[in-house]
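Just so it is clear, the model here is predicted, and its values are computed rather than measured. We name chains A, B, ... by the order of the sequence lines, and we start the count at 1 in each one.
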4 protein chains.
Amino acid sequence: MHRGNRHGRSETAREAVLQAADDLVAEIGYAKVTIEGIAARAGVAKQTIYRWWRSKTDILVDAFAADSVQELTLPDTGAFHTDLRAHLDELVRFLEVSDSGAVFRALAGQAQHDPELAARLRAEVLPRLRARDRVPFDRAAARGELPADADVDLLVDQVVGPIHFRVLVTGEPVTPALLDALVTGAARGRPEARTAAGTPGPRSGTGVGRSGGGEGC
Amino acid sequence: MHRGNRHGRSETAREAVLQAADDLVAEIGYAKVTIEGIAARAGVAKQTIYRWWRSKTDILVDAFAADSVQELTLPDTGAFHTDLRAHLDELVRFLEVSDSGAVFRALAGQAQHDPELAARLRAEVLPRLRARDRVPFDRAAARGELPADADVDLLVDQVVGPIHFRVLVTGEPVTPALLDALVTGAARGRPEARTAAGTPGPRSGTGVGRSGGGEGC
Amino acid sequence: MHRGNRHGRSETAREAVLQAADDLVAEIGYAKVTIEGIAARAGVAKQTIYRWWRSKTDILVDAFAADSVQELTLPDTGAFHTDLRAHLDELVRFLEVSDSGAVFRALAGQAQHDPELAARLRAEVLPRLRARDRVPFDRAAARGELPADADVDLLVDQVVGPIHFRVLVTGEPVTPALLDALVTGAARGRPEARTAAGTPGPRSGTGVGRSGGGEGC
Amino acid sequence: MHRGNRHGRSETAREAVLQAADDLVAEIGYAKVTIEGIAARAGVAKQTIYRWWRSKTDILVDAFAADSVQELTLPDTGAFHTDLRAHLDELVRFLEVSDSGAVFRALAGQAQHDPELAARLRAEVLPRLRARDRVPFDRAAARGELPADADVDLLVDQVVGPIHFRVLVTGEPVTPALLDALVTGAARGRPEARTAAGTPGPRSGTGVGRSGGGEGC
DNA sequence: TCTTAACCGAGACGGTACGTCCGGTCTTTTT
DNA sequence: AAAAAGACCGGACGTACCGTCTCGGTTAAGA
C-alpha cells in the first residue's frame, strides 16, 4: 500500500513544509513568501518541495486543508434565525481575523491570476465551505421554516456574498448592521435596509476589525 | 512656479505605457505581465516607467482609470425595478466579459497581497464604482420608491455583493435567476429564493459565461 | 578670443567642470567619477559638458593640462649628475604623491583601453613631459658632458622607463637605490647594480611612499 | 570534512567563461567587454559568474593565469648577452602582439583605478613574470658573468622598465636600437646611447647610419 | 545480510525579471 | 547662442528566485 518507492515520502518533511508556509504567510505576507524561503524555514531541500508540490499556492491549499481539520460542528439553537446569525458570526471571524482566513484571502486573490489554482479551489476548498454555509438553511428546511421549493444555494449566495464582498473588495468591516440585515432578510423574506439605528432586529457583538490592518480590500 | 522641470513628462510615453499594459493583460494575463515587457511593448525605457509608476499594479490602476472615462450614463427607465435590472446587467457584463473587467479582477486579486494597492483601490477606484451602483437606488429614493430612512450603501452591498462573490470567489456564472432574485428582493423587500422554474418574475438574457474560460476563482 | 558665437562659451562653466573633475578624482577615485557626478558637483548641465568634451577622460586631459601650467623651471646645478638627480626626485614626487600625478596615472591606465585617449596623450601630454625629461640631458650635451652623437631620447627612456615601470606596474616605491643606479648609470656610462649597501654614490631623501596606499599597480 | 556542497563547481562552466572572456577582449577590446556579454558568449548564467568571480577583471586575471600555463623554458645559449637578448625579444613579442599581452596591458591599465586588482596583480601575476625576467641574470650570475653583489631585481627593473614604459606609456614601438642599448648596457656595464650605426655591439637589422662614434667617458 | 531503489539535504546550474545607474541625446526655458 | 534643467531611450549592473539537475548519504524492502 505504499507509493511505489521503498519507504515512501517523509511525513516529517511534509509537515515542516506546510507549517513553514503557514508561518511565513502570517509573518511576511503571501507576496513575500518564496519557495526558497519555505524550504529554508522548513529545513528541507528545494527539490523535496518540487517533488510533491507544483507551486507555492499548491502548498498553501494543502496547508489550508490541514488547518480546516478542526471542523467544529455548529450548535443547533433550534431556530433558523439564531442558527444563521451564529454561523455568520463564525464566518466573519474566519474571514477577517483567523490565520487560515488570511490564507484563504491570499488564495482567492491569487486565483484571479491563476486559472489552475481557481479550478483547484472550486473543486476542493469551496465545496467544504459551501457545505458549512448550507447547514443553517438545511436545518431550517427540515424544520419547515423554508418554502419547499427554496433554492438553498441561491439563498446562501445572497447571504454570504455581501460578506465576502466587503472582506475581499471594499475592505470595509462587516458590521452588525449588515449581519442583521442579512439575517432578517433571509428569515423574514426581505432585506432589512433601514439605517442601523432604525433596526430593532437581533444584535450581536461581532463587528470585529480586521487584524492585519489594511490588507483586505 | 513651474514644477521643477522645464517641459514635464512625455504624454506620448504615458499613453504608450498604459496602452501596452492594457494590451498585455488582455493577451497574456496579469501574472505574465512584467515591467520589462510593458517597456518593450511600449517602446519606452524601463527607467521612464520607474520614474512615474511604482509597480505594475500602479500602472494598471492608471490604465483602469483611463478606460473608465467612458462613463456612460444609465438610461432612466422610470421604475426602480427596471433601472436596477439594467444596471446589474451592465455590471455583470463589465465584470465577466469586458477587458477592463479583467483588469479590475486582477487588481482586486492582487490587492489581497498588497495593502498599498488595496488602499489605492479603496480611495480611487471603488468610490467611482459605488457611485454608479447607487444611481438606481438614489433615483428610486427620489421617486419615493424607498423608505426615507433606507441605508442605500447597505442595500448596494446586498445587491452587488453576491455578484462579486460569484465572479471573484466561486467562479460560477451570474445567472438570470440570481439577478431576478436580487432585483425582486430589493424591489419587493424580500429575496426571491424559489427555484428558477418557479420564478415567473422578470427575465433577462444576461447570464453570459466568462469569456476567458476558467479564470474566475 | 571667443568662438564666433554671441556670448562665447562660459569660462565659469569650463573652470567649474575642470575643478570638479579634479576634486572628484582626488576624493572618490577615477573609477567612480561619472559625467553626471561632475555636472552635479560643478553645478552645470550635462549637456554643457557634452557640448565641450567628448568623455570624462577628455575632461581630465584638460584638467591635467590646466594643472601643469605651473611649469617650474629646473635649477641649473652646473653638473649633469646633480641636475639629473634633482629632476628625477621631482619626477618621482610628481608620479607618486601629487594630485596631478594621480590624474596622470589614471589617464595612462585608461589609455590601455581607449586608443583615442592614447593618441591624445601621445600628441598633447607626453611631449611636454618629455621636454622636461630632456632638460638635464640637453644641458649636459651643451656642456660637452655627453658624446656628440648621443641619442637623448633613448637615454631618457632608459632613465625614466624604470621609474614609470615601478609606479605603474609593480607598485613598488622608487627607492633611492634605484635613482642612484639610474643617475650614475647615465652619468658614468654604466648602471650601478651593486646592492644598496655597497653603493656609496650620491644619495637622496626621495624614496617617498605613495600617498593613497595601494593604488599603484 | 567536505566543503558544504557535494559536487562543487562546474569545470565546464569555468572554462567556458575564461575562454569567452579571452576571446571577447581580443575581439572587441577590454572596454567593451561586459559580464553579460561574457555570460552570453559562454552560454552560462550571469549568476554563475557572480558566484565565482567578483568582477570582469577577476575573470581576466584567471584567464591570464590559464594562458600562462604554457611556461616555455628559455633556451640556454651559453652567454648572458645572447640569453638576455632572446628573452627580451620574447618579452616584446608578449607585450606588443600576443593575445595574453593584450590582457596584461588591460589589467595593468585597470589596476590604476582599482587598488584591489593592483594588489592581486602584484601578488599573483607579477611574481611569475619577474621570475622569468630574472632567468638570464641568474644564469649569468651562476656563470660568474655578474659581480657577486649585483642586485638582480634592480638590474631587471632597469632592463624591462624602459620596455614596459614604451609599451604602456609612450606607445612607441620597442625598437631593436632600444633592445641593443639595454642588452649592451646590462652586459658591458653601461647603457649604449650612441646612434645605432655607431654601436659596435650585437646588432639588429635596424640601424640607419650616421657618423661614427667615439667612446664616451 | 546485502543489494538497491527512492527519498533526502545541499546547492550549482541556465534562466528571467527585478530595480538602479549612467551614457548620450533631446527639448524647453532662461539669460 | 549658450546654459540649466531634466526627461528620454538604451543597456549593463548586481540580486533574487525560478525550476532543473546532479551529488553523496540514508533508509527500508526484498533478494
Margin query: Would the base of F:dG19 count as contacting A:K46 through its side chain, where contact means a donor and an acceptor less than 3.5 Å apart?
Written below: yes

Check: Tell me: CD1 of D:I49 to P of E:dG14, nearest whole Å?
Finding: 9 Å

Notebook entry, point to check: Can a donor-acceptor pair be found between the side chains of C:Q110 and C:Y30 at a distance below 3.5 Å?
Noted result: yes

Next item on the list: Compute both the distance and the angle, then confirm whether A:R9 meets the cation-pi test with A:W52: under 6.0 Å from the six-membered ring centre, within 45 degrees of the axis.
Entry: yes

Notebook entry, point to check: Can you tell which of E:dG23, E:dA12, F:dA2 lies closest to the side chain of C:R51?
Noted result: F:dA2

Next item on the list: Could you pick out which residue, B:T34 or A:E11, lies toward the 5' side of DNA chain E when each is mapped onto its nearest nucleotide?
Entry: A:E11

Next item on the list: Inspect the surroundings of CZ in A:R51 and state if more than 12 heavy atoms from other residues, nucleotides or ligands are less than 6.0 Å away.
Entry: yes

Item checked: Nucleotide E:dC7, atom P - distance to CH2 of A:W53 in whole Å -> 13 Å

Notebook entry, point to check: Taking CZ from B:R9 and C1' from F:dA5, how many angstroms apart are they, rounded to a whole number?
Noted result: 18 Å

Next item on the list: Mind checking B:G43 for me? I need base, sugar-phosphate or nothing, with any heavy atom below 4.0 Å counting as a touch.
Entry: sugar-phosphate

Next item on the list: For D:I28 and F:dG11, give me the distance from atom CD1 to atom C1', rounded to whole Å.
Entry: 14 Å

Checklist line | Euclidean distance, atom OH of residue B:Y50 to atom P of E:dA17 [Å, nearest integer] | finding: 12 Å

Margin query: Taking only side-chain N and O atoms of D:T48, does any of them lie within less than 4.0 angstrom of OP1 or OP2 on E:dG14?
Written below: yes

Note to self: Output the rounded distance in Å from CG (A:D58) to P (F:dG19).
What the structure shows: 11 Å

Check: Should B:W52 be listed as having a side-chain N or O under 4.0 Å from OP1 or OP2 of F:dA7?
Finding: no

Item checked: Distance, rounded to the nearest Å, where A:Q47 contributes CD and E:dA6 contributes P -> 15 Å

Check: Could you state the NZ-P distance from B:K32 to E:dG15, rounded to the nearest angstrom?
Finding: 20 Å

Checklist line | Side-chain touch C:L18/C:W53, heavy atoms, less than 4.5 angstrom | finding: yes

Next item on the list: Output yes when a side-chain donor or acceptor of C:K46 lies under 3.5 Å from a complementary backbone atom of C:A39, and no otherwise.
Entry: no

Check: B:K56 or A:V44: which one's nearest nucleotide on DNA chain E is closer to the 5' end?
Finding: A:V44

Next item on the list: Could you say whether D:E36 or B:A13 is positioned toward the 5' end of DNA chain F, judged by the nucleotide with the nearest heavy atom to each?
Entry: B:A13

